[in-house]
Amino acid sequence: MLKKISLFLQFMICAGSYGQAVRNYSNEFMNIGVDAAALGMANAVTSSTNDVNSLYWNPAGLVHLEDHQLALMHANYFANIAQYDYIAYAKPIDDESAWGASLIRFGVDNIMNTTELIDSQGNIDYNRISLFSTADYAFTFSYARKLKVPGFQYGVNTKVIRRIIGKFASSWGFGFDMGLQFERNDWQFGMMIRDITTTYNVWNINQAEYKKIAAAIPGQNQELPQSTEITAPKAQLGLSKKFIIRYDYSILAAANLNMRFSKTNDLIATNFVSVDPALGLEFGYTDMVFVRAGVGNFQNVQQLDNSQKVGFQPNIGLGFKYKGIQIDYALTNLGNQTTTLYSNIFSVKVDLGLFRN
């Protein structure tokens with residue numbers, strides 16, 4: 001029993017990715033995505049994003065705002081175990097610039113803490129079980145501006161990361177993103193570099209809680225792990241074009257190349273960079289009704305017989321906009337060849353200028 005308790009707490013602490021090293025997968029909650037409209041297109045919106053949700057996808061897109069906007073999203077992940085919430089606000093400063101701010105929370109609540117399940121006499125006492133939560137928060141402030149070169153705009157994000165694992169450990173992090181967009185002949189190009197200067201998370205471990213498990217397994221958990229975590233940069237390149245058909249109908253076609261600067265299981269993987277492509281389509285009618293589809297997350301999946309096949313994740317979505325209020329829905333992980341789980345995601349976007357007298 002003591003071994004299980006120790007392994008449980010060790011797992012939760014390792015979830016914070018301690019260690020003074022660059023991690024391929026750190027602050028991963030920041031890579032989930034926001035806005036059901038974008039998720040329905042498999043996140044292939046780096047070049048086309050042009051509303052309040054540009055705060056996340058590419059801050060350069062904020063310059064297209066015509067008025068104040070508010071966005072909200074809620075999603076359940078891992079069979080409703082984890083809750084994912086997002087709120088964002090953005091507004092133009094003038095004809096050349098805009099700003100915005102957003103908050104993301106990804107959390108798991110009501111986790112059982114069994115580290116005190118056994119009392120000092122070795123008896124099991126279920127009344128000693130308590131509950132705790134683990135949660136990741138990200139606050140982002142964004143600024144965007146048009147460049148003097150026609151068709152070019154840029155945007156920057158300043159991010160503050162807060163991660164909490166109950167009373168066991170917590171961290172603060174800080175980083176920057178940078179985005180560019182360019183438009184010519186109805187084609188849109190975009191580039192987004194996340195954690196451009198690397199993002200640092202500094203962890204603080206509750207030593208009193210750590211001592212409770214330090215002697216649970218002889219020779220293990222004897223020293224506190226190092227407390228600095230570094231998130232390496234990632235980049236997205238995007239291309240899109242919107243086709244108008246007989247005035248009432250439109251088709252937005254978009255593609256992304258999502259890159260990590262390390263070797264992963266992505267479709268294209270080298271020691272320098274790994275690339276995961278994504279494709280998205282949005283069919284619109286009178287800029288009111290939208291049907292979306294996308295495919296991404298192409299991965300080389302290892303089979304039990306050591307052979308490999310390519311796994312991918314198709315998404316679908318719907319949207320409806322009326323008088324400045326837009327409601328979107330996305331079904332993700334549908335048909336994913338590596339899992340049978342899927343997620344229903346809803347988001348709302350409101351043009352706040354509607355309520356101005």
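FYI, the numbering just counts along the sequence from 1. These numbers were taken from a predicted model, which means no experiment stands behind them.
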Is there side-chain contact between [X] and [Y], with heavy atoms separated by less than 4.5 Å?
X	Y	result
Met178	Met191	no
Glu229	Trp203	yes
Asp328	Arg292	yes
Leu331	Tyr329	yes
Phe176	Thr158	yes
Tyr143	Pro59	no
Val301	Asn265	no
Leu252	Ser240	yes

Practice prompt. Measure the acute angle between the ring planes of Tyr322 and Phe320, then classify it against the limits of 30° and 60° as parallel, tilted or perpendicular.
Written response: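 Parallel: the ring planes of Tyr322 and Phe320 meet at under 30°.
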Item to complete: For the pair Tyr89 and Trp99, name the ring-plane relationship: parallel under 30°, tilted 30 to 60°, perpendicular over 60°.
Response: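 Geometry flag for Trp99 against Tyr89: perpendicular rings.
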To check you understand the geometry: which heavy-atom pair defines the closest contact between [X] and [Y], and what is its length?
X	Y	result
Asn43	Ile32	ND2-O, 4.1 Å
Glu96	Asp94	N-OD1, 2.8 Å
Phe243	Ala253	CE1-CB, 4.4 Å
Phe298	Pro277	CD1-O, 3.2 Å
Met41	Ala254	CE-CB, 4.2 Å
Ala82	Phe106	CB-CZ, 3.6 Å

Worksheet item: Can you list every pair that meets salt bridge (Lys or Arg N to Asp or Glu O under 4.0 Å) and has a residue in residues 142-159, with sequence neighbours left out?
Response: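 Sorted pair list: Lys159-Asp177, Lys159-Asp195.
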Item to complete: Take Tyr200 and Thr231, measure what side-chain contact (heavy atoms from CB on, under 4.5 Å) needs, and give me the verdict at the end.
Response: CA-CA 6 Å; Tyr200 286 83; Thr231 304; over 6 Å; no
Using 0.5 Å steps for rounding, measure from the [atom1] atom of [X] to the [atom2] atom of [Y].
X	Y	atom1	atom2	answer
Phe189	Phe152	CZ	CZ	9.5 Å
Ile327	Lys321	CD1	NZ	13.0 Å
Met259	Phe272	CE	CZ	9.0 Å
Ile111	Asp109	CD1	CG	7.5 Å
Met112	Asn110	CE	CG	10.5 Å
Met73	Ser102	CE	OG	11.0 Å

Fill in: Pair Phe168 and Phe132, ring centroids less than 6.0 Å apart
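Centroid separation for Phe168 and Phe132: below 6.0 Å.
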Worksheet item: Does the pair Glu282 and Lys241 meet the rule for a salt bridge (Lys or Arg N to Asp or Glu O under 4.0 Å), with working shown?
Response: CA-CA 11 Å; Glu282 178 187 76; Lys241 185 173 183 179; over 6 Å; no
Can a donor-acceptor pair be found, under 3.5 Å and without considering hydrogens, that links the side chain of [X] to the backbone of [Y]?
X	Y	value
Ser347	Leu72	no
Asn185	Trp187	no
Trp57	Asn50	no

Worksheet item: Taking atom types as modelled and ignoring hydrogens, do the side chains of Gln313 and Asn315 form a donor-acceptor contact shorter than 3.5 angstrom?
Response: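 Short answer, yes.
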Practice prompt. Could you verify whether a donor N or O on one side chain and an acceptor N or O on the other, from Glu183 and Gln188, lie under 3.5 Å apart?
Written response: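 Glu183 vs Gln188: no donor-acceptor pair found between side chains.
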Practice prompt. Output, in order, the C-alpha distance, side-chain angles, deciding distance and verdict of side chain to side chain donor-acceptor pair (under 3.5 Å) for Asn204 and Ser170.
Written response: CA-CA 5 Å; Asn204 176 50; Ser170 63; 4.7 Å; no
Item to complete: For a side-chain contact (heavy atoms from CB on, under 4.5 Å) with His68, tell me which candidate from Leu352, Asp351, Val52 qualifies.
Response: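 Answer to the side-chain contact (heavy atoms from CB on, under 4.5 Å) test with His68 among Leu352, Asp351, Val52: Leu352.
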Worksheet item: Transitive ILVMFWY cluster of Val63 at side-chain heavy atoms under 4.5 Å: who else is in it?
Response: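 None, because no other hydrophobic side chain comes under 4.5 Å of this residue.
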Discussion item. Determine whether Arg246 and Ile244 satisfy the following criterion, side-chain contact (heavy atoms from CB on, under 4.5 Å), listing intermediate values before the conclusion.
Written reply: CA-CA 7 Å; Arg246 295 183 179 179; Ile244 305 298; over 6 Å; no
Treating Ile, Leu, Val, Met, Phe, Trp and Tyr as nodes and any side-chain heavy-atom pair under 4.5 angstrom as an edge, say whether [X] and [Y] lie in one connected cluster.
X	Y	result
Phe141	Leu103	yes
Val108	Ile104	yes
Val310	Val295	yes
Leu239	Leu237	yes
Leu62	Phe182	no

Worksheet item: With a 4.0 Å cut-off, would you call Glu66 and Lys91 a salt bridge?
Response: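 Here Glu66 does not pair with Lys91 in a salt bridge, since their nearest N and O are not under 4.0 Å apart.
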Practice prompt. Show your reasoning for whether side-chain contact (heavy atoms from CB on, under 4.5 Å) applies to Phe290 and Leu318.
Written response: CA-CA 6 Å; Phe290 306 92; Leu318 298 170; over 6 Å; no
Discussion item. Check this for me: Lys242, atom NZ, are more than 12 non-hydrogen atoms of other residues, nucleotides or ligands nearer than 6.0 Å?
Written reply: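 Incorrect, the count does not exceed 12.
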Worksheet entry | Asp248: partners by salt bridge (charged side-chain N to carboxylate O under 4.0 Å, His left out), with sequence neighbours left out |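 Asp248 satisfies salt bridge (charged side-chain N to carboxylate O under 4.0 Å, His left out) with no other residue.
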Fill in: Criterion side-chain hydrogen bond (donor to acceptor under 3.5 Å, both in side chains) against Thr46, the qualifying member of Asn256, Asn58, Asn258
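Exactly one candidate clears the test, Asn256.
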Worksheet item: Going through the distances and angles, do Asn201 and Trp172 end up as a side-chain contact (heavy atoms from CB on, under 4.5 Å)?
Response: CA-CA 5 Å; Asn201 283 72; Trp172 287 97; over 6 Å; no
Item to complete: Take Ser274 and Asp266 through the side chain to side chain donor-acceptor pair (under 3.5 Å) test and state the conclusion after the steps.
Response: CA-CA 6 Å; Ser274 297; Asp266 289 340; 4.8 Å; no
Discussion item. Is the terminal nitrogen or CZ of Arg194 (NZ for Lys, CZ for Arg) located under 6.0 angstrom from the six-membered ring centre of Tyr56 and within 45° of that ring's axis?
Written reply: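 Yes, a cation-pi geometry holds between Arg194 and Tyr56.
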